[in-house]
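One structure is given below, encoded as C-alpha cells.
The residues of the chain are indexed from 1 along the displayed sequence.
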Amino acid sequence: MWNWLLVRQGLAPGAGLESVTAIADACLGLHSARRPSPFATVLARSATPALALDLLAAPARSALMTVRCMRKTLHVLTPALAAAAHAATRHFRERDALHAVARAGVSGPVLLRLVDAIVALLDREGPLPHRQIEARLISGRVPVVPVRLALKLAWERAVVAYINDAPSWDREWRTFALTRSAFPSFDAAMDGRRATRVLVEAYLDRYGPASMRDMMWWSGLSGTSIAAAMRDAQRDVAAVRAPWCRSPMYMYRDRLAEFRDAGPRSAWSGLQFLAHEDVALKAYFESRTRYLGRVPTTRVFNQIGEARPTIVKDGKVIGTWQWNARERTAVCALVRGAATPAVQTAVARRGRAVTEALRLGASKGLQSHGEAARLPGTT
C-alpha cells in the first residue's frame with residue numbers, strides 16, 4: 001500500500017508526472033523551507049529531469065504560490081490548495097505576527113497605515129523586492145522595523161504574496177506582489193472551517209492511510225478540528241491497520257478500493273532520491289516506520305526535526321545524500337547492510353544523474369539580491 005501511494009505521486013520508474021503543477025497537486029505542495037527542496041522534489045517525481053527546470057520559469061511562478069502554512073513552514077502549492085492551507089492555518093501565524101507588533105511597541109493605526117502604503121505602492125509599481133519596499137517607506141518618522149512588521153502581517157493575511165524571482169534553485173530573489181494581481185484565482189475570503197475541510201480531505205486523499213497523530217503533526221492543527229473536517233467531508237472513511245503504526249489509520253474508501261484494484265506494478269516504487277524535507281516523509285509522524293523500517297530516526301531526521309535528503313528503495317530508506325556546493329556533486333551515504341552490490345551500483349548511477357540535473361538548475365555566477373537577510377518568519 002505504501003508503494004502504491006508513492007507510485008501515484010510519480011515516485012516510480014515510468015510513473016513520472018508531466019508538469020510541475022501536476023506534481024505540486026499530487027503531493028499536496030512542495031516543501032520549501034530549504035532552497036534545494038522544491039527543485040529536488042520535482043526532480044524525483046518528473047517524467048524527465050528537464051521538467052524540474054520549469055519550476056524556475058515564469059509560467060510556474062504564476063501557476064504556483066508560496067505560502068507559509070502547515071507547521072508555519074513554506075510550501076509551494078496551486079492557488080486553490082494554497083488558499084485552503086493558508087486559511088486553515090492563518091490563525092496561529094497571524095497571532096504570532098501581532099505578538100511581534102506588540103513587542104515592538106508599534107500601534108495599531110500606524111501598522112494599518114503602513115499596510116495601506118504597501119498596498120498602494122505595489123498597486124502603482126507592481127512586484128518589488130522587499131528591500132525596495134522598505135527603502136520607499138522608511139523616513140525620518142518611520143523606521144525600518146514597523147515597515148517590516150507591516151509587510152509580514154500583510155503576507156500572513158494574504159494581502160501580498162511572496163515570489164522568489166531567482167533563475168536558479170540555489171538563489172533567492174525575494175519580491176512581493178499584490179495577491180489579487182499575482183494570483184487572481186486565490187480565494188482570500190475562504191473561511192477557516194471550510195479551509196480545514198478542504199485541507200484535511202486533500203491530505204487524506206493523497207497520504208491516507210494515516211493516523212490522527214500523523215495528520216496533527218503534518219498540519220499543526222488540533223485533533224478536534226481534524227475530526228470535524230473528516231465529518232464535514234461527506235466522504236466515506238475506512239479504518240486501516242498496518243505494522244507501521246499501533247493506532248488505527250484512516251483513508252477514503254474509494255482510495256482503498258482503488259488500491260485493491262491496482263495491479264502488481266504498484267507494489268514497487270524503485271530507487272528514489274528524495275529532497276530535504278520531502279513531502280512524502282514529512283506527511284507522517286506516528287507511522288514513519290512505513291519508510292524507516294529499522295533505520296534509526298536520527299539517521300533520517302536532524303536535531304530540529306527536518307528530514308534529511310534520503311535515498312529510498314521500494315519505499316524504505318536505505319541511505320542519505322547531500323549536495324556538496326563546493327564540488328557541485330550529490331554525495332551519497334548508504335546505511336550499512338541496506339543495499340546489495342547491484343543496488344549500490346544503481347545508487348551511484350542515479351547519483352550521477354541527480355548531480356547533472358542539479359548542476360543544470362544551479363546558478364553560474366549569479367549574484368543573489370539581498371541573500372544574506374532571511375524572509376521574515378521563514379523556517
Side-chain angles (χ1 to χ4, degrees), residues 1-12 23-31 41 44-45 69-73 75 77 81 84-85 88-89 193 195-260 262 266-267 269 272 274-275 277-293 295 297 300-301 305-307 310 312 314-317:
M1 182 175 281
W2 172 229
N3 277 276
W4 164 78
L5 190 154
L6 295 175
V7 172
R8 283 175 46 214
Q9 294 189 9
L11 286 169
I23 292 170
D25 182 78
C27 57
L28 191 45
L30 316 174
H31 206 292
T41 301
R45 294 161 172 81
C69 45
M70 286 75 75
R71 296 183 63 81
K72 305 181 187 179
T73 54
H75 286 71
L77 303 121
L81 287 174
T89 61
R193 178 161 182 164
T196 301
R197 177 184 61 78
V198 171
L199 184 63
V200 170
E201 183 174 1
Y203 170 87
L204 269 185
D205 182 72
R206 290 155 179 79
Y207 290 105
S211 73
M212 182 62 71
R213 285 186 66 196
D214 286 333
M215 290 185 269
M216 292 169 64
W217 160 264
W218 175 81
S219 66
L221 300 173
S222 70
T224 301
S225 61
I226 291 172
M230 291 171 65
R231 291 192 298 269
D232 290 347
Q234 298 181 341
R235 190 173 171 185
D236 288 343
V237 175
V240 175
R241 293 281 185 176
W244 317 324
C245 185
R246 293 182 178 180
S247 304
M249 294 180 292
Y250 304 96
M251 67 186 300
Y252 290 119
R253 288 192 182 276
D254 54 346
R255 285 298 191 191
L256 180 57
E258 183 180 328
F259 163 68
R260 288 171 173 162
S266 296
S269 54
Q272 309 295 335
L274 300 186
E277 292 280 79
D278 193 278
V279 284
L281 304 188
K282 291 294 286 188
Y284 307 103
F285 179 78
E286 187 178 15
S287 63
R288 286 175 177 172
T289 303
R290 70 178 72 207
Y291 56 77
L292 287 176
V295 175
T297 302
V300 176
F301 292 88
E306 293 179 329
T310 55
V312 177
D314 291 326
K316 296 290 187 181
V317 173

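Panel note: side chain Lys72, backbone Thr89; no donor-acceptor pair is recorded below 3.5 Å. With hydrogens and angles ignored, the 3.5 Å screen pairs no side-chain donor or acceptor of Arg255 with any backbone N or O of Met251. Tyr250 places no side-chain N or O within donor-acceptor distance of the main-chain N or O of Met230, the cut-off being under 3.5 Å. The backbone N or O of Gly29 lies less than 3.5 Å from no partner atom in the side chain of His31, so there is not a single donor-acceptor pair. In this structure, the side chain of Ser225 does not engage the main chain of Leu221 through any donor-acceptor pair within 3.5 Å.
Taking the six-membered ring for Trp and the full ring otherwise, the centers of Trp218 and Phe285 sit at least 6.0 Å from each other. Within the 6.0 Å centre-distance limit, the rings of Tyr284 and Trp2 are counted as a close aromatic pair.
Atom CE in Met212 sits 9.5 Å away from atom OG in Ser222 (nearest 0.5 Å). From Gln9, atom CD reaches atom OG1 of Thr41 across 10.5 Å, with rounding to the nearest 0.5 Å. Here CG of Leu28 is found 5.5 Å from CZ of Arg206. Values are rounded to the nearest 0.5 Å. In this structure, the separation between CG on Leu30 and CD on Glu277 is 13.0 Å, given to the nearest 0.5 Å. One finds the CG atom of Asp214 at 3.5 Å from the OG atom of Ser287 (value rounded to the nearest 0.5 Å).
Applying the salt bridge (charged side-chain N to carboxylate O under 4.0 Å, His left out) test to every pair with at least one member in residues 233-243, sequence neighbours left out, gives these pairs: Glu201-Arg235, Asp205-Arg235, Arg235-Asp254.
Judged purely by distance below 3.5 Å, without hydrogens or angles, the side chains of Arg193 and Thr196 never pair a donor atom with an acceptor atom.
Taking 4.5 Å as the limit, some side-chain heavy atom of Leu199 sits within range of a side-chain heavy atom of Met70. Side chains of Ser247 and Arg213 form no contact here, defined as non-hydrogen atoms less than 4.5 Å apart. The closest side-chain heavy-atom distance from Glu258 to Tyr252 is not below 4.5 Å. Under the 4.5 Å side-chain criterion, counting only non-hydrogen atoms from C-beta, Met216 is not in contact with Glu286. Taking 4.5 Å as the limit, every side-chain heavy atom of Trp4 sits out of range of all side-chain heavy atoms of Ser269. The shortest distance between side-chain heavy atoms of Leu292 and Val300 falls below 4.5 Å. Considering only heavy atoms from C-beta on, Val200 stays 4.5 Å or farther from Ser219 through its side chain. Thr297 places a side-chain heavy atom less than 4.5 Å from the side chain of Arg288.
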Is there a side chain to side chain contact (heavy atoms under 4.5 Å, CB included) between Leu81 and Asp25? Walk through the geometry before answering. CA-CA 8 Å; Leu81 287 174; Asp25 182 78; 3.7 Å; yes
Does Leu204 form a side chain to side chain contact (heavy atoms under 4.5 Å, CB included) with Met215? I'd like the steps, not just the answer. CA-CA 8 Å; Leu204 269 185; Met215 290 185 269; 3.9 Å; yes
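In this pair, Tyr291 and Phe301 present their aromatic rings tilted. The plane angle is within the 30 to 60° band.
We find that Arg45 and Asp278 are joined by a salt bridge, their nearest charged nitrogen and carboxylate oxygen being less than 4.0 Å apart.
Under the rule for a side-chain hydrogen bond (donor to acceptor under 3.5 Å, both in side chains), Arg8 has no partner lying at least two apart in sequence or in another chain.
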